[in-house]
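Report on one structure; see the data block that follows.
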Amino acid sequence: MSQFFIYPFNGRPVSAQVQNGTISNSATGGAFTNTGSSVTNPMRLFDDSIATATDFPAAHRVVMIDKGSASVDQIDRIAFHSTAADTDGMRFFTNTAANNSTTSSFATTDAITAGWNILEPTAAASERYYYMAAYEGQVNTITELIIGKKLDLTNVKLSGLEGVNYGNDTMISRGGIEFSNQRYGKKRFYNFDLTFVNETYKTSLETMRDSVDLSHHKFLYYDGNEYIYVRMSDDSLRFKEVAFGVYDTSIKLTEQLS
């Protein structure tokens with residue numbers, strides 16, 4: 001069973017790195033005009049929450065993201081979350097320029113499904129600037145965007161744990177009667193022990209750790225069946241060298257409800 005992570009490379013953008021406006025043609029790309037008002041709530045795409053959506057009110061409306069020069073040739077996955085299905089699609093472009101998208105599509109989805117939509121870009125290499133465009137009509141259901149990398153989960157010890165936590169506060173009254181207050185519904189957790197990790201894989205894990213800043217940013221875990229929005233604990237990915245250039249470590253994940 002294939003298990004992997006999709007995480008935002010170099011963390012999420014900040015407000016200074018995101019612009020919104022229009023492009024000349026949402027089918028082929030073209031010049032980007034920064035209007036600052038063509039897309040409603042563009043930063044909802046990067047607020048580490050799937051609760052509130054961004055509104056692309058019409059075709060050719062676009063959000064431009066500057067991922068920084070370090071992202072070049074690093075990005076290999078695009079993931080976005082939608083609260084509902086939509087027959088109007090989204091198209092992604094990339095370019096070295098902050099005012100012009102490429103003339104060829106970087107990645108496209110003709111129809112949006114409810115939940116997480118995963119795209120594997122067709123371009124040979126990534127660039128610094130990314131353009132997310134509504135190219136058929138209004139799309140107002142997208143709540144989060146991850147422009148990042150896929151990392152396979154390997155070297156997993158079979159004795160790992162998974163289960164469910166509930167936010168229950170149980171109190172006992174005088175006389176022994178129990179009362180329970182539930183603060184939230186079930187949240188799945190996944191604890192993995194990784195053994196015999198070599199230097200190359202250790203570096204890949206460290207890159208992921210540093211990109212999400214341990215528990216600071218959320219990311220995706222694919223368990224072989226579904227994509228799960230998770231947060232990693234701060235005591236994850238501490239490495240113990242068990243032989244020269246060989247390490248043991250662990251990862252603790254908790255499902256996020258929004």
Side-chain angles (χ1 to χ4, degrees), residues 4-8 11-15 17-23 26 37-65 67 75 77-93 105-121 130-148 150 164-167 182-190 212 216-232 253-258:
F4 56 83
F5 305 124
I6 296 177
Y7 66 92
R12 68 177 178 87
V14 297
S15 57
Q17 296 174 292
V18 177
Q19 300 175 11
N20 77 92
T22 61
I23 54 176
S26 51
S37 59
S38 294
V39 178
T40 304
N41 295 324
M43 284 309 301
R44 290 296 185 179
L45 295 172
F46 308 103
D47 63 356
D48 276 332
S49 172
I50 56 175
T52 306
T54 298
D55 182 12
F56 297 77
H60 311 300
R61 304 298 178 90
V62 62
V63 172
M64 189 276 282
I65 306 104
K67 286 293 287 178
I75 304 301
R77 290 296 186 279
I78 294 175
F80 64 88
H81 183 272
S82 178
T83 58
D86 194 324
T87 56
D88 292 322
M90 300 297 298
R91 183 159 288 177
F92 292 85
F93 305 93
S105 175
F106 184 59
T108 302
T109 176
D110 293 323
I112 297 168
T113 61
W116 286 99
N117 296 254
I118 311 299
L119 301 178
E120 184 173 351
Y130 291 79
Y131 300 83
M132 181 181 189
Y135 75 97
E136 294 174 316
Q138 182 182 31
V139 177
N140 60 3
T141 61
I142 298 175
T143 59
E144 195 70 13
L145 171 65
I146 297 175
I147 299 175
K150 175 188 175 185
V164 174
N165 288 323
Y166 290 86
Q182 188 173 81
R183 291 174 288 115
Y184 55 83
K186 74 173 185 178
K187 297 175 68 171
R188 291 171 288 183
F189 68 84
Y190 307 87
V212 300
H216 189 47
H217 296 303
K218 304 172 186 177
F219 58 100
L220 288 179
Y221 164 55
Y222 182 71
D223 69 349
N225 182 56
E226 64 176 309
Y227 291 94
I228 304 163
Y229 203 31
V230 297
R231 192 188 297 275
M232 184 164 55
L253 307 174
T254 302
E255 181 180 18
Q256 301 298 291
L257 301 181
S258 68

Are any non-hydrogen side-chain atoms of [X] and [Y] less than 4.5 angstrom apart?
X	Y	answer
I142	I112	yes
N140	T40	no
V18	M43	yes
K67	I65	yes
T54	V39	yes
T143	R44	no
N41	D55	no
V212	P8	yes

message = Quick one: does any side-chain atom of E144 pair with a main-chain N or O of D48 as donor and acceptor, under 3.5 Å?
response = yes

message = Looking at S258, is its backbone amide N or carbonyl O close enough to the side chain of K218 to form a donor-acceptor pair, meaning the two atoms are under 3.5 Å apart?
response =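 Indeed, once roles are kept as given, a pair shorter than 3.5 Å links the two residues.
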
Where do [X] and [Y] come nearest, in terms of heavy atoms and distance?
X	Y	value
T141	S82	OG1-OG, 2.7 Å
S38	N20	N-OD1, 2.9 Å
I118	A79	CD1-CB, 3.5 Å
M90	A134	CE-N, 3.7 Å
A133	F93	CB-CE1, 4.3 Å

Could you state the interatomic distance from [atom1] ([X]) to [atom2] ([Y]), rounded to the nearest 0.5 Å?
X	Y	atom1	atom2	answer
R77	I146	CZ	CD1	13.0 Å
E136	T87	CD	OG1	7.0 Å
T109	L119	OG1	CG	6.0 Å
M64	T22	CE	OG1	12.5 Å
M132	L145	CE	CG	5.0 Å
Y222	L220	OH	CG	12.0 Å

request  = Identify the residue among Y229, W116, F219 that makes a ring pair (Phe, Tyr, Trp, His ring centres under 6.0 Å) with H81.
outcome  = W116

message = Could you tell me if R231 and T254 have a donor-acceptor pair between their side chains, going purely by distance under 3.5 Å?
response =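 Short answer, no.
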
ask   = Between Y227 and N117, do the side chains contain an N or O donor and an N or O acceptor separated by less than 3.5 Å?
value =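 Per modelled atom types, Y227 and N117 side chains form no pair under 3.5 Å.
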
ask   = Do the ring centers of Y190 and Y221 come within less than 6.0 Å of each other?
value =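 When the ring centroids of Y190 and Y221 are compared, they turn out to be within the sub-6.0 Å range.
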
ask   = Quick one: does NZ or CZ of R61 land under 6.0 Å from the six-membered ring centre of F56, within 45 degrees of the ring axis?
value =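 Judged by the rule, R61 and F56 form no cation-pi pair.
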
inquiry  = The test is side chain to side chain contact (heavy atoms under 4.5 Å, CB included); show your working for D223 and F4 and say whether it passes.
reply    = CA-CA 7 Å; D223 69 349; F4 56 83; over 6 Å; no

Carboxylate-amine/guanidinium contact R188 E226, below 4.0 Å =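 Answer for the salt bridge query: yes.
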
